[in-house]
2 protein chains.
Amino acid sequence: MTTFPLPPGSTIGVLGGGQLGRMLAQAAARLGFDVAILTPDEDSPASRVAAHIIVAEYDDPAALKALAAVAQVVTTEFENVPAAALRALAEAGVPVAPSAAALAAAQDRVTEKSFLNGVGVGTVPFAAADDAEAVKAAAAEFGAPVLLKTRRDGYDGKGQAWVEHATDASAAEAFAAIGGKPAIVEGRADFVRELSVIAARGRDGEIAVYPLAENHHENGVLRRTSAPAKVSAKLREQAERIAAQILSGLDYVGVIGVELFELKDGRLLVNEIAPRVHNTGHWTQDGCEVDQFEQHIRAVAGWPLGPTHALAHVEMVNLLGEEVLAWAKLAAEPETRVHLYGKREVKAGRKMGHVNRLRPL
Amino acid sequence: MTTFPLPPGSTIGVLGGGQLGRMLAQAAARLGFDVAILTPDEDSPASRVAAHIIVAEYDDPAALKALAAVAQVVTTEFENVPAAALRALAEAGVPVAPSAAALAAAQDRVTEKSFLNGVGVGTVPFAAADDAEAVKAAAAEFGAPVLLKTRRDGYDGKGQAWVEHATDASAAEAFAAIGGKPAIVEGRADFVRELSVIAARGRDGEIAVYPLAENHHENGVLRRTSAPAKVSAKLREQAERIAAQILSGLDYVGVIGVELFELKDGRLLVNEIAPRVHNTGHWTQDGCEVDQFEQHIRAVAGWPLGPTHALAHVEMVNLLGEEVLAWAKLAAEPETRVHLYGKREVKAGRKMGHVNRLRPL
């Protein structure tokens, strides 16, 4: 029986062995916790900084039993955790944060946007589409071009296609491009900036929100984040309200990443939510006293949340693929903090690390 | 054959599994390195955050061979590394930093002070003493009371005794108290403050010095550090010169801790040097962009050194023994960053963790 706040010396289980799991493990160790990583990867970035490593598929019953035996609480570095895994952990009596319901809300784009609108948070107009006919109808309704996405499993721009015209041909082409899977059609957002907000909710309902970040994507992949973003007090309050509505609406425990579109009229729409630590929150590692990773561990462990104000301005740049080979040059820049993930293989577009470039506020 | 700068993905070996090894391992992982820990401890703080763990005595030939096989460079978290270990690693062709010569200089208090005076750095007057007779003679020469210490292996106030009077009885009592081991007699320093300076030297001879810290000991154990200490530019320059003389004199690679006595007349004497990351440098974790742990890894890996200026004022307080049980209260203080070492057993006086309390500069 786990009791909160979780005392140091306890073990926190993490589903996933990537860079987010690695940085979560490091934050947990700083607070005196041990970490157990469950990952199908034989040699993962996270497993090399963790006390316990279980190499298995995420829905492997024996592996989940082993994780439940060693960990007092389990969290995740990704949203697409199989429902079977969450059920097995629940049956073994291990608390999981964020909850299965919170993860489910983010696993399906139609469910996600319906939830958001339900708690009073704005999104682009959207419609579920299970065939090309429905795609065309939605394109006609929202006005082409519209964006077609698979309902599930897309990330970093994968599983997406533009529907250029509200025609049979355009709709069929886009629907084929995403593999003919159950989809969502999203009306185009006429946004002026892409922003994001990282926020956390503790087990007692306490909410802490970091300053807004401004993000720049290329080909659907985050290139860089600038934070704190220059925003009016009104915009900041709007973002904080949105974060609180989402966190409370999901009865959430942990850190969440909320991607936002800033419209010309100053309104914020939510593009998507990530029920986990988020790439656009990496700037907090060097810009805040308590970064998003420690904040997530604090929330999951039932500790009080830490301060979220910025100590410095940070420009976070992802190191994609061969960009990481410039490590020696980057390490020599006095204003640059280097974070590398220990990935063995450099692949085109792969997130190999990031840098945080600091300047005074 | 190791080449520098050491590329990310390489493995750094660390002799020692305590909290310093743990924090070194975490810093190394942040830069994309793997870490191999050699420790006699079955369940050490450092091994739970490292990729490779070798459990063996430090002079175990097979263990050292195994470490040399996996690591491209080896460093240490403590100064009393057996000479046999360093020889074995050298024979296996693995670079060790700091070097055997640098470690040797700090292992024996007489050698240490002789070295310091030799490079023009002031210390209290001292004399080697192998029997009570020599203790009495030195007490008479320097003026009692004087401090008697074992030449080797003392730390945190252990292996020390005051010689109250320059008499046979006082000398014999003190010499017996330290176990009748080869000793050093130190004249008393009439100091106004205990300061320390953490500095690093890279493989190319580059030197980086952190701001001075003011330290408070109780029963020979560090209680708290306040940094940056309030000092004049002249004092700071004196400390930087001392650090540079020591680092260059030892042809040193890595971070060194230099404990200083500030005299009434403004002169600094060196109390002792620690050829490793140092408890009085823990404030850099939350007070500087690059902390002493990353700085040490950078030096050892042949990377350029990072910036050392302070971003905040830090009050570092060690959590000794049961003080760590206040973790929940400490975690709730917004200005307090908690660092816990994952030690399984709470023992009286044991360093279980520390907190860094921040305030603006």
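For the numbers below, each heavy atom of this structure counts, side chains included, while hydrogens, waters and symmetry mates do not. So you know, we letter chains A, B, ... as the sequences are listed, proteins then strands, and number each from 1.
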field: B/Pro7 portion near chain A, given a 4.5 angstrom heavy-atom threshold
entry: both
- prompt: CG/A/Asp286 to CG/B/Leu311 distance, rounded to the nearest 0.5 angstrom?
  reply: 9.5 Å
message: Can you tell me which portion of B/Ala332 sits under 4.5 Å from chain A's heavy atoms? Options are side chain, backbone, both or neither.
response: both
task: Could you tell me which portion of B/Arg30 (side chain, backbone, both or neither) has an atom closer than 4.5 angstrom to a non-hydrogen atom of chain A?
output: both
message: Within a 6.0 Å radius of atom CD on B/Glu322, are there more than 12 heavy atoms belonging to other residues, nucleotides or ligands?
response: no
- line: Looking only at B/Gly306, B/Gly353, B/Ala331, B/Pro360, most heavy-atom pairs under 4.5 Å shared with chain A are made by B/Ala331
- prompt: Any donor and acceptor pair, going by atom type alone, linking the side chain of B/Arg48 with main-chain N or O of A/His52 inside 3.5 Å?
  reply: no
task: Please determine, among A/Ala29, A/Ala50, A/Gly342, A/Ala328, the option with the most heavy-atom pairs under 4.5 Å with chain B.
output: A/Ala29
query: What are the two closest heavy atoms between A/Leu340 and B/Leu31, and how far apart are they?
result: CD1-O, 3.3 Å
- line: Looking only at A/Met352, A/Arg337, A/Arg22, A/His339, most heavy-atom pairs under 4.5 Å shared with chain B are made by A/Arg337
field: Region of B/Leu6 that comes under 4.5 Å of a non-hydrogen atom in chain A
entry: backbone
Shortest non-hydrogen contact from B/Pro334 toward A/Pro307: O-CG, 3.4 Å
- prompt: Pick from A/Ser47, A/Gly9, A/Pro5: which one has the most heavy-atom pairs with chain B under 4.5 Å?
  reply: A/Pro5
- prompt: Any side-chain heavy atom of A/Leu358 sitting closer than 4.5 Å to one from B/Glu289?
  reply: yes
